[in-house]
Every structure is written in structure tokens, then in C-alpha cells.
Amino acid sequence: MTEPYAARVSGTSLLAWRNLSHDRARFVVTLVGVLFAVLLMGVELGLLLGFARTTSGLVDHTAADLWITPAGTTNVDIAGRLDERRRFEALAVPGVASVDMLMMQFAFWRKPDGGTESVSMVGFNLASGQGRPWNLVEGRVEDLQQDDAVIIDQLYAGKLGVTALGQTVEINNHRARVVGFTQGIRTFTQSPYVFATHRNAQRFTFFRPDQTTYLLVRLQAGADAAGVRAALQARLGRVDVWFAADFARAAQRYWLITTGAGSALLLAALLGLVVGIVIVGQTLYATTVDRLPEYATLRAMGAPNRYLHRVILKQAAISAVFGFSGGMLLVALVVAASAGSTVAVAMPLGLVGVLALLTLCMCALGALVSIRRITRIDPTSVFQ
Amino acid sequence: MSAVLALEQIGVVYGQGATAFTALQDISLEIEAGEMTLLLGPSGSGKTSLLQIMGCLLRPTRGRVHLFGNPLASGLAVEAMAALRLAHVGFVFQHYNLFPTLKAWENVAIALDIKAVPRSSQRQLALALLERLGLGDRAEHYPSELSGGQKQRVAIARALAGKPRILLADEPTAALDGKTGQSVAATLHGLARDEGVAVVVVSHDPRVEPFGDRVLHLEDGRLVGDRRPQRSSV
Ligand SMILES: Nc1ncnc2c1ncn2[C@@H]1O[C@H](COP(=O)(O)OP(=O)(O)OP(=O)(O)O)[C@@H](O)[C@H]1O
Ligand SMILES: [Mg+2]
């Protein structure tokens with residue numbers, strides 16, 4: 001530390017920094033503890049968010065205001081069927097601007113070399129584009145106009161036995177041709193989404209021409225969304241009418257809660273937090289006990305307790321900052337590695353903020369034991 | 001001149017019940033500014049306890065302490081006592097009690113920092129204090145790089161930071177060789193004479209004795225002697 005710097009920092013920061021840096025081995029243990037806690041929390045929470053985004057991806061990437069689903073639908077991947085005439089009923093409700101059909105149905109995919117996988121067929125209205133694939137990296141959505149055309153994601157190309165555009169496969173024994181690749185459209189069910197026009201999808205999956213799965217409603221500008229939703233519900237009867245955001249959340253809840261994936265991930269993240277608190281608490285306490293005479297001296301000199309607390313808390317904060325930086329570096333590596341896999345670790349800025357906050361809380365909690373100890377310190381002990 | 005510090009029938013009892021031990025009994029005295037008072041007595045006679053009473057480190061079991069003429073409440077809160085120490089008292093210890101991870105000037109600056117002296121002037125003031133104690137060239141050294149006498153001077157500089165009116169030292173020369181101890185004692189005496197600080201020094205060291213303006217004698221927790229030796233040469 002250079003002198004001009006030391007002259008500028010506060011006494012508590014100086015003591016905190018020196019206490020840590022003069023006990024390097026212990027500081028390293030603290031940092032490694034924080035680092036692994038951050039890594040564990042970051043990866044688990046990132047997975048949780050990644051899964052959540054995956055389960056609602058299809059809903060999040062349409063511009064619909066309302067979703068009309070078969071009654072009792074819990075998530076976008078599994079649903080019954082709706083008759084097409086429902087669409088006309090919906091169109092008759094005041095405030096509705098447009099209604100598009102979106103089809104979703106499991107199907108069997110026969111790879112070019114034989115072998116079968118299950119896929120989720122997504123049929124959408126090419127004209128409106130509601131429910132169309134996003135992040136296209138090869139081919140064009142318009143190519144789906146051809147009778148046998150489908151678009152899949154590169155992440156699942158290997159699983160589906162596809163190596164290049166133009167390859168032919170069979171879906172439910174119908175010939176299909178891959179005309180485009182997307183990048184990063186994942187599915188939680190592990191049955192990859194296969195995009196096709198609504199009509200082609202009906203054919204692939206033996207839907208009657210007047211059947212669909214969902215109706216996507218766009219509202220007229222200025223329409224009262226809640227009012228239109230109620231009117232649709234009243235008019236259509238045995239269906240569910242959702243705000244798009246609610247339907248997205250329902251899908252997330254369904255998959256993360258029913259499969260137990262959510263609680264497993266949260267538990268693992270919590271474990272990281274607890275391990276971090278324990279390690280920081282232990283090492284910080286050991287450092288504090290080593291320096292009790294110095295804290296007693298400060299107290300004898302008349303330093304208020306909060307001055308002593310500040311020294312401890314700053315040690316915790318320094319450990320938090322360094323440990324967090326290192327931990328996030330590793331998290332970033334994991335995130336980058338996950339980009340090319342079917343399991344995404346999401347790390348938006350908001351989650352980085354949450355992790356930073358968790359790290360600070362972790363270190364502050366770890367500091368509590370030390371703070372309790374020095375609060376009870378007897379300043380007369382300096383004379384012994 | 002009114003007393004900086006006045007003790008009124010002070011009693012200190014450690015422990016309770018069967019293990020209760022009376023360390024100080026019925027001590028009344030006044031400490032004046034500008035004087036160096038020596039506190040003498042055999043081991044266990046209560047010198048340190050009395051110093052702690054004077055320094056607002058210890059609450060008396062009986063009696064009353066007056067600071068600048070104002071009586072301190074008997075049930076004074078721990079933080080309030082700390083605030084009084086911070087404002088008025090500097091301590092010097094037998095074993096220096098410097099912060100080993102801080103350089104000499106930083107040790108002094110910490111005392112200024114606790115007293116909320118602006119950060120920008122802390123270094124200047126700390127260096128000036130060290131200069132005054134003849135340690136101008138040692139400011140950038142860590143305590144482990146200083147001799148015992150130098151360490152004790154840093155400790156005195158630290159105790160003087162923020163200009164306390166009372167300086168209390170417990171065996172400040174006990175760990176120093178004779179000549180060094182003598183010069184530390186002279187420094188303390190100089191602070192009383194030149195700066196008007198009320199200096200109280202607990203000491204066994206015969207080399208410190210000549211510097212006392214006043215000598216108090218404790219025995220078994222009682223004040224048994226209070227004299228002002230005729231000074232010839234200091
Ligand atoms: N915290 C305490 N609890 C119990 N007894 C104590 C405590 N502090 C001091 N005593 C006792 O009070 C008496 C006076 O102690 P004190 O430290 O004031 O003596 P002293 O004159 O400074 O001795 P020395 O010259 O050895 O330092 C001693 O008998 C000591 O054992
Ligand atoms: Mg003593």
C-alpha cells in the first residue's frame with residue numbers, strides 16, 4: 001500500500017485491510033470460501049432462472065396479450081385441443097384485434113439414420129408470425145411455406161440426427177425437411193421444439209384441420225385487458241383465458257415445482273450461502289480473536305463500539321468484494337460454457353445484483369460472531 | 001486552579017459474595033493540571049485499579065469521580081465512559097500496545113481518526129506529534145522495527161493525539177533499560193510542565209521518581225502517603 005493511499009483511507013478501512021493482509025493464509029481461505037459460495041449460488045440460481053426462461057420461452061416470445069387455452073391447461077408444453085370455431089367466437093368479442101392459432105403437440109421424429117426421438121411440434125400462423133421461431137441463424141422462416149418444411153434448434157441438431165440444412169427426416173411417418181436452424185430455443189421437456197406452419201403441423205400430428213391448441217389474442221389499442229379477458233371467458237365457456245405473463249408464470253411454476261427441480265436448485269443455492277457464512281464466520285472470528293488485545297486497546301482509547309464493528313464489517317466487505325469478483329469470474333465461465341448446451345445458466349444483471357447482495361449478507365452474517373465477541377471486550381484487559 | 005480530576009471516597013470491590021475483594025478503599029484526592037503525579041505502592045496495592053478509575057475505564061463501587069468539577073453519574077453507560085476517555089484521557093501502557101500492522105504514524109493517526117479528526121489532516125498531525133517526540137525519521141516504520149524506547153514514544157504520541165487534558169501511564173518504563181526509561185519519564189514530565197497536561201504515572205522504577213512533582217503511596221488499597229518532594233535539578 002502506498003503512502004498517499006494510506007493517508008486517504010479511513011482508520012477502520014486501514015485496520016481492516018491490514019488485519020486481513022497480515023494473515024494471508026486465513027484471508028485466502030476466506031476468499032476461497034466466498035468464491036465457492038458465489039459459484040454455487042450463481043450456478044444454481046442461474047440454472048433456476050435458465051429453466052424458468054426455458055419453460056416459458058414460447059410464451060415470452062409471442063406478442064399475444066391473452067392466451068386462450070383448453071380448460072385445465074397448466075403449461076404451454078402440454079395441452080388438449082380447441083376447435084377452430086372458438087377463434088371466430090373470440091374475434092366477435094369487442095376489444096379483440098386479432099386471434100391467431102398456435103398448435104402444440106408431441107410427435108415422433110425418425111432420424112435420417114433411423115432411431116426415434118420425441119419432439120414438440122409447434123404450428124404457427126406464418127402470416128401473423130405469432131409463435132414463430134426466433135434467433136434464426138440459418139434458413140428463413142418463409143421457407144416453412146413448403147409442405148414438408150420444419151425448423152429446429154442447433155442445440156438439438158445432434159440429438160435429432162441432423163447435420164445440415166435440407167436433410168430429410170420423418171415426423172409421425174410423414175416426410176419432413178429441415179429448412180432452418182435457430183440458436184438457443186431450449187425445451188425443458190427435452191422434446192425439442194420443431195416449428196412448422198399451422199397447417200403442416202396439423203398434418204404431421206393428425207390434428208383435424210379445424211383443430212388447434214391455443215388461441216393467441218391481441219387487443220385493440222386502448223382496450224381494457226381485464227374486461228376483454230372476462231368477456232372472452234364468459235363468451236367461450238370451457239376454456240381458460242390468461243394474460244400472457246400469467247401463462248408464462250404458470251408454465252414456470254408447473255415445471256419447476258412439479259418436477260422438484262426448483263426446490264433442488266434453491267436448496268443447493270442455500271447450501272452455498274450457509275457454507276459461505278460458516279467459512280467467513282470461522283476465519284473472521286479466528287482473525288478477531290488473534291487481535292483481541294488490539295480491539296481492547298481501541299476500546300481503552302475511547303473508540304465507540306461502532307468503530308470496532310466497522311473494522312470487522314469492513315473485513316467482511318473486503319472479503320465479499322474479492323470473493324465475489326473471483327466467484328463471478330468462474331460463474332461467467334460456466335455461463336459461457338452453458339451457451340452451447342441444452343441447459344442454460346442465465347445470468348442477467350439483476351441476478352448479478354442479487355448475488356452481490358447475497359454475498360454481502362453472507363459476509364455480514366459471518367461477521368456477527370466476531371462483532372458479538374468484541375462487543376463484550378473488557379478495555380481494562382489492556383493493563384494485564 | 002481547580003482540579004482536573006477529583007476522587008471522593010472511592011472504593012473498588014472486585015467480585016461478589018464470598019469472592020469479593022476490596023482493591024481500593026476510601027480514596028479521596030485531586031489531580032492538578034501541569035503536574036506529574038507518581039503513583040507508588042507494592043504489587044497488588046491497587047495502583048492500576050486507581051488509574052483505571054481516573055481514566056474512566058472502571059466504575060467505582062463506591063464514591064464519586066469529578067471531571068473538571070463535574071460529578072460523573074454513578075451508573076454511567078459503557079459508551080458514555082468511552083466517550084469521556086476519547087475526549088479527555090490518553091493512556092500509555094507498559095507493553096506499548098501499538099497496532100503491529102500499522103506504521104508508527106498510522107498508529108498515531110488511528111487515535112486522531114477515532115476522534116473524528118478530518119482524514120486530510122491526520123497524517124500531518126501524526127507526523128508533527130512524532131517529530132515532537134523525536135521520532136520524525138521513524139514515522140514509516142512498523143512497531144516491530146522500533147526499539148522499546150521508540151515504541152513507547154510512539155505510544156505517547158498516540159496518547160497525545162487530540163490533545164487530552166489527562167495522560168495516564170501504567171509502568172511506562174518497566175520494559176525499558178535505565179537510560180531509555182529515564183528519557184521517557186523526562187518526556188512525560190515535560191508534557192505536564194510545558195503543556196499543562198495532568199500526568200499520572202504508576203511506576204516501580206526508581207529512575208522515574210525524580211520526575212514526580214507529587215508522589216502518592218498506596219498500600220492495601222488505601223492512600224497512605226501524599227507528598228511533594230523538594231526538587232533540586234529536573
Ligand atoms: N478484574 C479483577 N478481578 C478481581 N480482582 C482484581 C481485578 N483486577 C485487580 N484485582 C485485584 O485487585 C488488587 C489490586 O490490583 P491492581 O492491579 O490495581 O494492583 P497494582 O497495584 O496495579 O499491582 P501491580 O503492581 O502488580 O500491577 C489485586 O489484588 C488484584 O488481584
Ligand atoms: Mg498494576
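In the text below, chain A, chain B and the rest are named by the order of the sequence lines, each starting its count at 1. Computed from a prediction, not measured in an experiment: that's the story for all the values here.
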- Please determine if B:Arg153 and B:Glu131 form a salt bridge, counting it only when a charged side-chain N lies under 4.0 Å from a carboxylate O. no

- So, are A:Arg299 and B:Glu79 salt-bridged, with charged N and O less than 4.0 Å apart? yes

- Under 4.5 Å from any heavy atom of chain A - which part of B:Gln52: side chain

- Message: Only pairs of heavy atoms separated by less than 4.5 Å count here; which of B:Gly55, B:Pro164, B:Pro100 has the most with chain A?
- Response: B:Pro100

- Sort B:Ala109 into side chain, backbone, both or neither according to what part of it lies under 4.5 angstrom from a heavy atom of chain A. neither

- What part of B:Leu51 is in contact with chain A, defined as an atom under 4.5 angstrom from a non-hydrogen atom: side chain, backbone, both or neither? side chain

- Which residue, B:Gln94, B:His95, B:His204, forms the side chain to side chain donor-acceptor pair (under 3.5 Å) with B:Glu171? B:His204

- Query: With no hydrogens and no angle check, is any side-chain donor or acceptor of A:His61 less than 3.5 Å from a backbone partner on A:Gly57?
  - Reply: yes

- Note on the structure: d(B:Gln9 CD, B:Gln25 CD) to nearest 0.5 Å is 11.5 Å

- Item | Greatest number of heavy atom pairs closer than 4.5 Å to chain B - which of A:Arg306, A:Arg291, A:His22 | A:His22

- Ranked by heavy-atom pairs below 4.5 Å to chain A, first place among B:Leu98, B:Thr48, B:Leu86, B:Leu84 goes to B:Leu86

- Message: So which residue, A:Pro379, A:Ala300, A:Pro304, ends up with the most heavy-atom pairs under 4.5 Å with chain B?
- Response: A:Ala300

- Query: In a check of side chain to side chain contact (heavy atoms under 4.5 Å, CB included) between B:Arg62 and each of B:Val13, B:Val12, B:Ile10, which one passes?
  - Reply: B:Val13

